[in-house]
Amino acid sequence: MPLTAGFYARGVLEVAQALIGCVVSRGEASGIIVETEAYHDSEPACHAHVGLTKRTSTLFGPPGRAYVYLCYGVHTMLNAVCEREGVGAAVLIRALEPLEGIELMAARRGVEPERRRALCSGPGRLAQALGVGLADNGCDLGLGPVTICGRPRRLGDPAVQRDRRIGIRRATELPWRFCLAGSPYLSVPVARLETGAAVGRGPAGG
DNA sequence: CATGGGATTGACT
DNA sequence: GTCAATCCCATGC
């Protein structure tokens, strides 16, 4: 059973951590989420920081929808919209451990199925592997085409590591990246923990 | 209407 | 390590 809106309605940091170990599916292809990042309209790295526009309307909409956009004119990014309607917040899905539809994902990526790490280790890569396109923007993650289900019981409670977000120009100091500890499917390894690093307290008013 | 930036990737030196 | 691809959309005139 897919996760419902209540799961996403919580604070975006809480959701970003809770999504580790959950399963993203689209059609025959699926994978276990091993890396996420949180974005919130209170900080400048978030698209919603500019306010409500045509582009950001999905972000400010109800929780539990997909926010899909094109990055660098080349790659599609898949996010899960969080927090209550009127708050611009989302979790970027950055890496998956491939689960089902390996052959299909490999064909879409143009790599050999044996190269598991090349399939979904990166936000652009996983979107390509799943066949996510701009037409999926705004879709209900409980209904599809893109769906997210809870953690498989057999996996237990995952150990989650926190890190700084990757590839952004602004608000780089926030430790809003969440990774499955020890996973070989991360887009980038977790940085060494810095002693005394500032710990984010979460978005104001979130 | 013109311009410029961007939450990336893959190819190449 | 460097760098180009490529396009949507926010902004400004």
Side-chain angles (χ1 to χ4, degrees), chain A residues 8 11-13 15-17 19-20 24 31 33-61 63 65-83 87-96 98 105-112 114-139 141 146 148 161-180 184-191 200 202-203 206:
Chain A
Y8 303 97
V12 69
L13 293 177
V15 179
Q17 178 162 344
L19 278 173
I20 299 297
V24 181
I33 299 174
V34 298
E35 180 181 342
T36 62
E37 281 178 2
Y39 289 86
H40 189 275
D41 60 29
S42 62
E43 46 90 12
C46 183
H47 292 169
H49 191 63
V50 299
L52 180 60
T53 65
K54 181 181 177 183
R55 183 190 200 192
T56 62
S57 61
T58 306
L59 281 169
F60 284 100
R65 306 276 184 89
Y67 168 53
V68 180
Y69 72 96
L70 196 62
C71 185
Y72 295 103
V74 182
H75 306 286
T76 51
M77 305 281 123
L78 173 64
N79 301 250
V81 176
C82 296
E83 309 211 6
V87 177
V91 173
L92 171 69
I93 314 296
R94 285 192 55 90
L96 307 177
M105 293 195 285
R108 284 172 173 154
R109 292 272 305 120
V111 301
E112 294 303 311
E114 292 74 21
R115 298 183 55 210
R116 292 288 175 98
R117 264 156 289 218
L119 298 181
C120 301
S121 297
R125 289 170 175 172
L126 74 88
Q128 184 181 24
L130 293 174
V132 172
L134 294 181
D136 294 318
N137 183 45
C139 90
L141 293 172
V146 183
I148 303 180
Q161 287 179 305
R162 217 169 153 168
D163 196 9
R164 278 142 85 121
R165 295 180 295 186
I166 293 174
I168 53 172
R169 308 292 205 128
R170 298 146 82 173
T172 56
E173 74 284 358
L174 297 177
W176 287 8
R177 176 183 182 227
F178 298 88
C179 297
L180 177 62
Y185 295 99
L186 302 179
S187 66
V188 175
V190 177

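This structure is a prediction, so every number in the text was calculated from the model and none was measured.
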DNA chain B in dot-bracket form (Watson-Crick or G-U pairs under 3.5 Å, [ ] crossing, | inter-strand) is ||||||.|||||.
Can you measure H75(A) atom NE2 to dA5(C) atom P for me and round it to whole angstrom units?
13 Å
Please identify which of these residues, V12(A), V15(A), I20(A), meets the side chain to side chain contact (heavy atoms under 4.5 Å, CB included) condition with T36(A).
I20(A)
Given dT8(B), is OP1 or OP2 found less than 4.0 Å from the side-chain N or O atoms of R165(A)?
no
Any stacking of Y39(A) on dA7(B), going by centres under 5.5 angstrom and planes within less than 30 degrees?
yes
What integer distance in Å separates L59(A):CG from dA7(B):C1'?
11 Å
Is any N or O donor-acceptor pair between the side chain of H47(A) and the base of dA7(B) shorter than 3.5 Å?
yes
Hey, what do you get for OH (Y67(A)) to CG (L78(A)), rounding to the nearest 0.5 Å?
11.5 Å
Expressed as a whole number of angstroms, how long is the span from N137(A):CG to dC8(C):C1'?
12 Å
In whole Å, what is the span from the NZ atom of K54(A) to the P atom of dC8(C)?
10 Å
Could you tell me whether R177(A) contacts a base, only the sugar-phosphate backbone, or nothing, with contacts defined as non-hydrogen atoms closer than 4.0 Å?
nothing
Taking atom C1' of dG10(B) as reference, at what distance in whole Å does atom OH of Y72(A) sit?
14 Å
What is the distance, to the nearest angstrom, from the CE atom on M77(A) to the C1' atom on dT6(C)?
13 Å
Report yes if at least one side-chain N or O of R170(A) is closer than 4.0 Å to OP1 or OP2 of dA7(B); otherwise report no.
no
To the nearest Å, how far apart are L78(A) CG and dT8(B) P?
14 Å
Close aromatic pair by centroid cut-off 6.0 Å: Y39(A) and H47(A):
no
Using a heavy-atom distance cut-off of less than 4.0 Å, which residues of residues 120-128 of chain A contact DNA chain C?
none
The answer to which of T56(A) and C71(A) contacts DNA chain C further toward the 5' end, by nearest nucleotide, is C71(A)
What integer distance in Å separates Y67(A):OH from dA7(B):P?
10 Å
